[in-house]
Protein chains: 2
Amino acid sequence: MDQTVRNIKELAALLNISPTTVSRVLNGKADDYRISPATTKKVLDAAREFNYHPNRIARGLRLEKTETIGLIVPDIANPFFAHVAKTIEFEARRNGYSIILCDSLDDIETESELLKLLAGRKVDGIILAPVGTGTGHISEFLKREIPSVVIDRYLPGLDIPSVSTDNYTGAYLATEHFIAAGHSRIACIQGINGISVNTDRVDGYRDALKNHNLTVDNSMIAGDDFGEKNGYDQTVRLLGSECRPTAILALSNLISLGVMRALSEAGLKIPDDMSLVSFDDQPYSAFLASPMTTVEQMKEEIAREAVQILLENINSGRSAGKVNKKIMPELIIRNSVKNMRKIPVRDHSSHL
Amino acid sequence: MDQTVRNIKELAALLNISPTTVSRVLNGKADDYRISPATTKKVLDAAREFNYHPNRIARGLRLEKTETIGLIVPDIANPFFAHVAKTIEFEARRNGYSIILCDSLDDIETESELLKLLAGRKVDGIILAPVGTGTGHISEFLKREIPSVVIDRYLPGLDIPSVSTDNYTGAYLATEHFIAAGHSRIACIQGINGISVNTDRVDGYRDALKNHNLTVDNSMIAGDDFGEKNGYDQTVRLLGSECRPTAILALSNLISLGVMRALSEAGLKIPDDMSLVSFDDQPYSAFLASPMTTVEQMKEEIAREAVQILLENINSGRSAGKVNKKIMPELIIRNSVKNMRKIPVRDHSSHL
DNA sequence: CTGTTAGCGCCTTCAT
DNA sequence: ATGAAGGCGCTAACAG
């Protein structure tokens, strides 16, 4: 009764039919091959009864298709990537794919290893949230012709589609929000210099200042890392500077955590003593000492787009044209920006 | 020059030796088979030159070993699971394994599907953070004899090892902290009734009250879900009750988010109007309106233990004895508990 | 409507 | 010190 069926051959033997027929039925090709309803039913019933599921490894070897997608992120513990990963996994599974999760530990060497590892595992495609500043290992990897999509950033010069936030607009809106509240000494604590995410955000910040006839003071653009420590260090530095800013734009959630720590240690309150807007909304943003105004990235949408583009490329056998999709972020206004004008600040998210 | 080598056969042909020899060298068995140093070097050099890596799918089929571990979590966007996943991935990779990430969406049906999916994908082992209350599908799954470890909870009655926090002690310490601060009407907002995590925490809470000669009022133990909504709903209810508590123990980070939302809407401040201790420390815990006292679970340790037990079971070919490892949490004292005695509250984490 | 055969790329016997 | 052959479980090509 509770016989174990290890493979398609055994199941076929039990039913006195050929493995081929079983395979065809199980792959929904009964109609294509005009297999009799009786046989079809027999196979389906037996498969259920013996709880038989085809060995996907053997299938993968035969078809040269593993129905597996590699996902490389710099830090799965970062809520942004965790959310993106959740939707990617969901969307992939909905399409029959599983996700091999790889954490590059924000290390470019590790990322390079991971790319090779995933190639060896014969994933059908890769979604990569790149790290650091070099792209040599990525262009090397692209030679393998494994369909891939970059998320979070875009990689100028490389022939690989990407899905990222419209970071320019996000920073522009945030900066405009400060300006509307009457701030003019607005600092910007940035992440890794030279990558698209950072460059675009800084550009948005600069342009917002310029377009409102404010001068861009380069000493107000500080930092070189998306981590908490950089946020802390730069805030300490800015607080000590002769011409202290009244507002800080933090280009990542971790940076803003560092800003908060530094302010807290200095006994300064948000927004009374310092205004702050952070990139990346979080579940807790609303519950901070003062609920934080944030630039929220549309994580689900980024993930969905990435999976869709990747699957298209997989199914069409490589690159359905290079796309650089930009997803519009949303400025969520809470209470971390002080109104210097003493009149109500308006929501500017609809302007631009 | 830049010839592509698709498989071991091609590489062997290029070197005028047999695939067998190449395979042996590449698997570090050159010595076992006394393959000449010259041949060994030749193979190694060629492999590097042509950037050849064995097809792990074919290898998996032959060896019946995929060097792959399935990880099922209820919600990868939950920081607790994201952190655990990070360490699991790291430890697994260090040992040559990759992680197939599956999000069960806090849904037991999905979890059941996922178990089958992973079995079909021939993972060498599974780490499962179970959902809901039923275990039928899990005991069914265990018949497949795939090495598995449960994390976050333990499953009484099932023959599967587990690694979880010592939740009893965690809740006990938190409750004692309230008591030491002079609270006696302490509410407990719980998660899913009947699962070990919840039962143990509630037991710890009850016992702490009893051991300090406080009566346990069952109307103070409320709720049935680890989500934010439950935290909100129960807090609203408690605030409306005739005998309002002065303190709330929230049995999850999401519950405490709900508690904060309800308190905030009611215009109540932590800790002045209500004291709160939450399970699960978070990066932002220290930056909340009032820095939150939390019971921190040792995520890295849980993850490391789980991987270690799993790998032992994989290598020894099944269950190296059933273990239910409990990892001691840590009470992190900040400023979310009001001192009702008007004298300094001491750190009680060293008692017990 | 169904079956036979061959081969995906690898590793392991068995042979030399 | 090295090879040849077979087979892991599956499915597509080629019969009928």
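None of these values were measured; they are calculated from a predicted model.
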When we call it a touch if two heavy atoms are under 4.0 Å apart, what does [X] touch: a base, just sugar-phosphate, or nothing?
X      : result
K29(B) : sugar-phosphate
R56(B) : nothing
I57(B) : nothing
I8(B)  : sugar-phosphate

Query raised in the report: Does any N or O donor sit under 3.5 Å from an N or O acceptor when you compare the side chain of R24(A) with the base of dG3(C)?
Result: yes

**Report entry** Candidates dG7(C), dG9(C), dT13(C) - which lies nearest the side chain of Y33(B)
**Finding:** dT13(C)

Report summary line: Tightest non-hydrogen contact, residues V43(A) and L15(A), listed as CA-CD1, 4.0 Å

Rounded to whole angstrom units, what separation is found between the [atom1] atom of [X] and the [atom2] atom of [N]?
X      : N       : atom1 : atom2 : answer
R62(A) : dG9(D)  : CZ    : C1'   : 11 Å
E64(B) : dT12(C) : CD    : C1'   : 13 Å
I17(B) : dA4(D)  : CD1   : P     : 11 Å
K9(B)  : dA5(D)  : NZ    : C1'   : 13 Å
R34(A) : dG16(D) : CZ    : C1'   : 13 Å
N16(B) : dT2(D)  : CG    : P     : 13 Å

I'd like to know if the side chain of [X] reaches the main chain of [Y], judged simply by a donor and an acceptor atom lying under 3.5 Å from each other, with no hydrogens or angles considered.
X      : Y      : answer
N55(B) : A58(B) : yes
T87(A) : V84(A) : no
T40(B) : S36(B) : yes

Does [X] have a side-chain nitrogen or oxygen under 4.0 Å from the phosphate oxygens OP1 or OP2 of [N]?
X      : N       : result
T20(B) : dC11(C) : no
S23(B) : dC10(C) : no
N55(B) : dG9(C)  : no
R59(A) : dC10(D) : no
Y52(A) : dC10(D) : yes
R6(A)  : dG9(D)  : no
N27(A) : dT11(D) : yes
S18(B) : dA4(D)  : no

Report summary line: One should read off an interatomic distance between D124(B) CG and T66(B) OG1, to the nearest 0.5 angstrom, of 4.0 Å

Query - Heavy atoms of other groups near K65(A) NZ, more than 12 under 6.0 Å - result: yes

Report summary line: DNA chain D nearest-nucleotide lookup for S36(B) and L63(B): closer to the 5′ end is S36(B)

